[in-house]
Peer 1: 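Below you will find the structure I want to go over with you.
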Amino acid sequence: MDQNPVLLVTGASRGIGAAVASKAAEQGWTVLVNYVQNESAARSVADQITANGGSSRIVQGDTGTEEGIAAIFAAVDREFGRIDGLVNNAGVVDQTARVDEMSRERLERMFAINVIGKIRCATEAVKRMSTRHGGKGGVIVNISSMAAVLGSAGQYVDYAAAKGAVDTFTIGLSREVAAEGIRVNGIRPGIINTDIHASGGLPERARDLAPTVPMQRTGTAEEVADAVVYLISSRASYVTGAILNVSGGR
Ligand code: NAP
């Protein structure tokens, strides 16, 4: 059995999650690359990790559902029999809209994936990592957004509110499990050049907003991944309950 520490990265087939998977593998983590739809993208992330001498597996699972989360953690148990880290990255936006145009169905999907999914993945990880449950400890990083602070008026206030919940969850969980060997931190990316903007109907959003960033540019998935890899490493051994802005000053 693989003796490397095992890291689950949700939503790792593209964007920030894919960059986290690659960089974590370079640091000696065996990575479980989760995806929901795009199996070929997940496979290329895993193939690239293998080509670079690392170790990974892929697993399909919708973090917005109980069945999806059960499938992901069944793969954790079956493939590795352990988990040492979780990067709660999977997240979605919706079409830009004002609050008075948002349906209940939209809000339920938004919170199912962006909030409940993250809490439920953390629940399963804590059950396996906490010394209270016989585990050896571990690390969790929750991917939030600067939207949690800025509010995303006129675009997706629901997404911003969900990310606010992620921040609060990060603080609370970090205190709850700090004495059980688990560190929990968050990252708030700013405007990062990934597919997420196109999925919200605004393919040029990153480019259009670049001039509003104090550093006058968008960020890359790799720049966010570098911060994640630091937080999951032993170099961050006394860091817990922290939420790091990776946003070019936005
Ligand atoms: P992205 O490019 O749209 O990629 C999304 C990833 O999440 C894909 O791997 C996708 O899998 C997966 N995914 C989506 N829904 C899922 C579900 N229900 N279950 C499992 N996986 C799911 O997104 P990104 O920009 O890298 O964003 C990653 C995280 O960073 C999100 O939490 C997002 O809110 C946050 N963030 C992004 C930005 C930004 O500007 N990009 C800014 C702030 C925060 P498939 O390939 O299978 O579809």
Side-chain angles (χ1 to χ4, degrees), residues 9-12 14-24 26-27 85-99 110 113-115 118 139-174 183-233 235-250:
V9 185
T10 64
R14 294 180 285 119
I16 293 169
V20 169
S22 305
K23 284 183 180 274
E26 285 170 13
Q27 298 302 312
L86 163 67
V87 179
N88 248 332
N89 169 75
V92 292
V93 296
D94 209 316
Q95 301 297 301
T96 58
R98 287 171 45 94
V99 170
M110 184 67 64
I113 298 171
N114 291 350
V115 183
K118 284 185 168 65
V139 288
I140 296 175
V141 174
N142 294 322
I143 304 300
S144 171
S145 170
M146 284 308 295
V149 177
L150 299 171
S152 302
Q155 292 208 325
Y156 13 71
V157 167
D158 53 346
Y159 171 82
K163 294 298 190 178
V166 170
D167 282 359
T168 306
F169 174 61
T170 298
I171 294 165
L173 182 64
S174 72
R183 295 186 298 103
V184 184
N185 292 291
I187 299 262
R188 291 193 198 104
I191 300 167
I192 311 300
N193 216 343
T194 71
D195 298 343
I196 203 168
H197 310 289
S199 71
L202 296 175
E204 304 301 336
R205 180 171 182 265
R207 194 198 62 190
D208 292 348
L209 288 178
T212 70
V213 178
M215 284 180 70
Q216 299 286 297
R217 67 170 178 86
T218 57
T220 66
E222 287 71 26
E223 288 175 307
V224 179
D226 279 330
V228 175
V229 167
Y230 161 69
L231 287 172
I232 62 175
S233 78
R235 287 174 298 153
S237 53
Y238 201 51
V239 182
T240 198
I243 304 175
L244 179 60
N245 296 345
V246 183
S247 64
R250 191 161 188 257

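Positions are given from 1, in the same order as the sequence printed here.
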Peer 1: Check whether any side-chain heavy atom of Phe169 lies under 4.5 Å from a side-chain heavy atom of Val115, and answer yes or no.
Peer 2: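 Sidechains of Val115 and Phe169: no contact.
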
Peer 1: When you measure from the side chain of Arg205 to the backbone N and O of His197, does any donor-acceptor pair fall under 3.5 Å?
Peer 2: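 Here the side-chain-to-backbone pair does not exist.
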
Peer 1: Between Glu26 and Lys23, is the closest basic N to carboxylate O distance under 4.0 Å?
Peer 2: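 Not counted as a salt bridge, because no side-chain N and carboxylate O are separated by less than 4.0 Å.
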
Peer 1: Nearest 0.5 Å, what's the CZ-CG distance between Arg217 and Leu209?
Peer 2: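 Rounded to the nearest 0.5 Å, the CZ-CG separation comes out at 15.0 Å.
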
Peer 1: Return the CG to CD1 distance between Leu231 and Ile140, rounded to the nearest 0.5 Å.
Peer 2: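 With rounding to 0.5 Å, CG (Leu231) is 12.5 Å from CD1 (Ile140).
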
Peer 1: Can you tell if the side chain of Ile187 reaches within under 4.5 Å of the side chain of Val228, non-hydrogen atoms only?
Peer 2: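 Yes. Closest side-chain heavy atoms under 4.5 Å.
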
Peer 1: Grab the two heavy atoms, one from Arg183 and one from Ser237, that are nearest each other, plus how far apart they are.
Peer 2: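 Scanning both residues, the minimum pair turns out to be CD-O, 3.4 Å.
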
Peer 1: Is there a side-chain contact between Ile243 and Ile171 (heavy atoms, below 4.5 Å)?
Peer 2: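 Ile243 vs Ile171: side chains touch.
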
Peer 1: Tell me the closest heavy-atom pair linking Ala221 and Ile192, and the distance in Å.
Peer 2: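 Result for this residue pair: N-CG2, 3.5 Å.
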
Peer 1: With distance as the sole test, does Asn89 use its side chain to make a donor-acceptor pair with the main-chain N or O of Gly11 at under 3.5 Å?
Peer 2: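 Yes, because the side chain of Asn89 sits within donor-acceptor range (under 3.5 Å) of the backbone of Gly11.
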
Peer 1: At their closest point, which heavy atom of Arg188 faces which heavy atom of Val149, and how far apart are they?
Peer 2: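 Heavy-atom minimum between the residues: NE-CG2, 3.6 Å.
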
Peer 1: So, Asp167 and Ser144: side-chain donor and acceptor under 3.5 Å apart, yes or no?
Peer 2: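 Distance-only check passes for Asp167 and Ser144.
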
Peer 1: Taking all non-hydrogen atoms of both residues into account, name the closest pair between Val239 and Tyr230 and its distance.
Peer 2: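 Reported closest heavy-atom pair: CG2-OH, 3.6 Å.
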
Peer 1: Within the 4.5 Å heavy-atom criterion, are Ile113 and Lys118 side-chain neighbours or not?
Peer 2: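 With C-beta onward as the side chain, the pair stays apart.
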
Peer 1: Please confirm whether the backbone N or O of Thr96 pairs with a side-chain atom of Gln155, one donor and one acceptor, at under 3.5 Å?
Peer 2: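 No, because the side chain of Gln155 does not come within donor-acceptor range (under 3.5 Å) of the backbone of Thr96.
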
Peer 1: Using modelled atom types and a 3.5 Å cut-off, is there a donor and acceptor pairing between side-chain atoms of Asn142 and backbone atoms of Gly186?
Peer 2: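 Between the backbone of Gly186 and the side chain of Asn142 there is no qualifying donor-acceptor contact (under 3.5 Å).
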
Peer 1: Is any side-chain heavy atom of Leu86 closer than 4.5 Å to one of Thr10?
Peer 2: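 They are in contact (side-chain heavy atoms under 4.5 Å apart), so the answer is yes.
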
Peer 1: Are Met146 and Pro189 packed together at the side-chain level, in the sense that at least one heavy-atom pair is separated by less than 4.5 angstrom?
Peer 2: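 The answer is no, as the side chains (C-beta and beyond) never meet within the 4.5 Å cut-off.
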
Peer 1: Run the side chain to side chain contact (heavy atoms under 4.5 Å, CB included) test against Ala210 and tell me which residues pass, sequence neighbours left out.
Peer 2: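 Thr218.
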
Peer 1: Show the nearest heavy-atom pair for residues Thr170 and Ala242, with the distance to one decimal.
Peer 2: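 Looks like CG2-O, 4.4 Å.
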
Peer 1: For Ala206 and Asn193, work out which heavy atoms get closest and say how close.
Peer 2: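 Taking every non-hydrogen atom into account, CB-OD1, 4.0 Å.
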
Peer 1: What distance do Glu222 atom CD and Ser22 atom OG have between them, rounded to the nearest 0.5 Å?
Peer 2: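 Spacing of CD (Glu222) from OG (Ser22) equals 8.0 Å.
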
Peer 1: Rounded to the nearest 0.5 Å, how far does OH of Tyr156 lie from CG of Leu202?
Peer 2: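 With rounding to 0.5 Å, CG (Leu202) is 6.0 Å from OH (Tyr156).
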
Peer 1: Calculate, to the nearest 0.5 Å, the distance between atoms OH and OG belonging to Tyr159 and Ser145 respectively.
Peer 2: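 Between Tyr159 OH and Ser145 OG, I get 4.0 Å after rounding to 0.5 Å.
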
Peer 1: Mark yes or no for whether Asn185, through its side chain, and Gly241, through its backbone, hold a donor-acceptor pair below 3.5 Å.
Peer 2: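 Yes, because the side chain of Asn185 sits within donor-acceptor range (under 3.5 Å) of the backbone of Gly241.
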
Peer 1: How about Val213 and Ile191: do any of their side-chain heavy atoms sit closer than 4.5 Å?
Peer 2: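 Yes. Closest side-chain heavy atoms under 4.5 Å.
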
Peer 1: Under 4.5 Å between any side-chain heavy atoms of Arg14 and Thr194, yes or no?
Peer 2: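 A side-chain contact is absent here, since even the closest heavy-atom pair is not under 4.5 Å.
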
Peer 1: Given 3.5 Å as the limit, does a donor-acceptor pair link the side chain of Gln27 with the main chain of Ala24, or not?
Peer 2: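 Such a contact is absent between Gln27 side chain and Ala24 backbone.
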
